[in-house]
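Since the structure comes first, as structure tokens, the remarks are kept for the end.
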Amino acid sequence: MYSIWVESSSEQLSEIKKIIRTLSDYEGKEYFEPHVTLVTNLSTKDTAKDVFENITKKRFDITFDTIQEGTTYFQRLFLTSTDNTNFQNSIIDIEGWPSLWIPHLSLYYGNELPKSYPSKDFDNLIPVTITFDTLVLSETGPLVSEWKEITTTILG
């Protein structure tokens, strides 16, 4: 499977990276770079490349203002924004997408919430405004260790 997401090269992510690293290490999970998936479940590399080309190539800011607990492995603990307009504008030209997509920035992947979930440590984390400046196409799947970056584009 292939996925397309946005990343940020800004220092705004230093605290988020620290939280992901701490939770991953403490819980024995693999570390992953913070990102927001724009499109996923693309079955072929050619389809993924076509979709990648149709995504708007403009950098944008998002203010994450909520921490949520989810019920699926890749959406267990994450940040969300009440204003997802810039995410929506990035994918507006992709036919059939999104369906029930909810943009989010994961802090932890797992079948259960981390035992070390220090909710009080998140008090100063949000709101946080992040500038997304990189578009990434990756081969993905159920194991983070097997994810492979195919290509990236710096957003203008």
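Note that the numbering runs from 1 along the sequence shown for the chain.
Scanning both residues, Pro103 and Thr80, for their nearest heavy atoms gives O-CG2, 3.9 Å.
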Would you be so kind as to tabulate the donor-acceptor pairs closer than 3.5 Å made by side chains of residues 133-147, with sequence neighbours excluded?
| from | atom 1 | to | atom 2 | distance (Å) |
| --- | --- | --- | --- | --- |
| Asp133 | OD1 | Ser9 | N | 3.2 |
| Asp133 | OD2 | Ser9 | OG | 2.5 |
| Thr140 | OG1 | Ser3 | OG | 2.9 |
| Ser145 | OG | Glu30 | OE2 | 3.3 |
| Trp147 | NE1 | Gly141 | O | 3.0 |

Task: CA sep, side-chain torsions, deciding dist, call: Thr47, Thr44, side-chain hydrogen bond (donor to acceptor under 3.5 Å, both in side chains) - done: CA-CA 5 Å; Thr47 299; Thr44 69; 2.8 Å; yes

- [ ] Apply the test side chain to side chain contact (heavy atoms under 4.5 Å, CB included) to residues Leu125 and Glu15: give CA-CA distance (whole Å), side-chain angles for both, the deciding distance (0.1 Å), then the verdict.
- [x] CA-CA 7 Å; Leu125 181 63; Glu15 190 63 27; 4.0 Å; yes

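For Phe32, the ring pair (Phe, Tyr, Trp, His ring centres under 6.0 Å) partners are Tyr109, not counting sequence neighbours. Annotation: ring pair (Phe, Tyr, Trp, His ring centres under 6.0 Å) contacts of Phe64 (sequence neighbours excluded): none. Listed by chain and number, the residues in a side-chain contact (heavy atoms from CB on, under 4.5 Å) with Asp83 are Ser81, Thr85 (sequence neighbours excluded). By the side-chain hydrogen bond (donor to acceptor under 3.5 Å, both in side chains) test, Ser10 pairs with Ser8, Gln12, sequence neighbours left out. In terms of the side-chain hydrogen bond (donor to acceptor under 3.5 Å, both in side chains) criterion, Ser14 has no residue partners (sequence neighbours excluded). Every residue two or more places apart in sequence or in another chain was checked for a ring pair (Phe, Tyr, Trp, His ring centres under 6.0 Å) with Tyr2, and none qualifies. Considering only residues two or more places apart in sequence or on other chains, Thr153 meets the side-chain hydrogen bond (donor to acceptor under 3.5 Å, both in side chains) condition with none of them. Partners of Thr56 according to the side-chain contact (heavy atoms from CB on, under 4.5 Å) rule, which considers only residues two or more places apart in sequence or in another chain, are Lys58. Annotation: ring pair (Phe, Tyr, Trp, His ring centres under 6.0 Å) contacts of Phe60 (sequence neighbours excluded): Phe87, Phe132. Residues satisfying the side-chain contact (heavy atoms from CB on, under 4.5 Å) test with Lys17, not counting sequence neighbours, are Leu13, Tyr31, Glu33, Pro34.
Ile19 CD1 to Leu107 CG: the interatomic distance, rounded to the nearest 0.5 Å, is 6.0 Å. Separation of atoms NE2 (His35) and CG (Leu105) is listed at 8.0 Å; rounding is to 0.5 Å. The line from CE of Met1 to OG of Ser43 is 10.5 Å long, rounded to the nearest 0.5 Å. Rounding to the nearest 0.5 Å gives a distance of 15.0 Å between CD1 of Ile16 and CZ of Arg21.
There is a side-chain donor-acceptor pair under 3.5 Å between Asp61 and Thr131.
For the pair Thr63 and Val128, the minimum side-chain heavy-atom distance is 4.5 Å or more. Within the 4.5 Å cutoff, the side chain of Gln68 has no heavy atoms near those of the His104 side chain. For the pair Ile4/Thr37, no side-chain contact is recorded, criterion being any heavy-atom separation below 4.5 Å from C-beta on. A heavy-atom distance below 4.5 Å is not found between the side chains of Thr66 and Leu79. Contact of the Tyr73 side chain with the Asn111 side chain is registered, since non-hydrogen atoms from C-beta on lie closer than 4.5 Å. Side-chain atoms of Lys29 and Leu23, non-hydrogen and from C-beta on, never get closer than 4.5 Å to each other.
Within the structure, salt bridge (charged side-chain N to carboxylate O under 4.0 Å, His left out) contacts touching residues 147-156 (residues at least two apart or in different chains) do not occur.
Ile130 and Phe78 fall into different hydrophobic clusters, where Ile, Leu, Val, Met, Phe, Trp and Tyr residues are linked whenever their side-chain heavy atoms come under 4.5 Å apart, directly or through other members.
A donor-acceptor pair under 3.5 Å is formed between the side chain of Ser24 and the backbone N or O of Ile20. When atom types are taken as modelled, the side chain of Arg76 and the backbone of Gly70 share a donor-acceptor pair closer than 3.5 angstrom.
By the neighbour-count criterion of 12 heavy atoms within 6.0 Å, atom NZ of Lys57 is densely surrounded, having more than that number from other residues, nucleotides or ligands.
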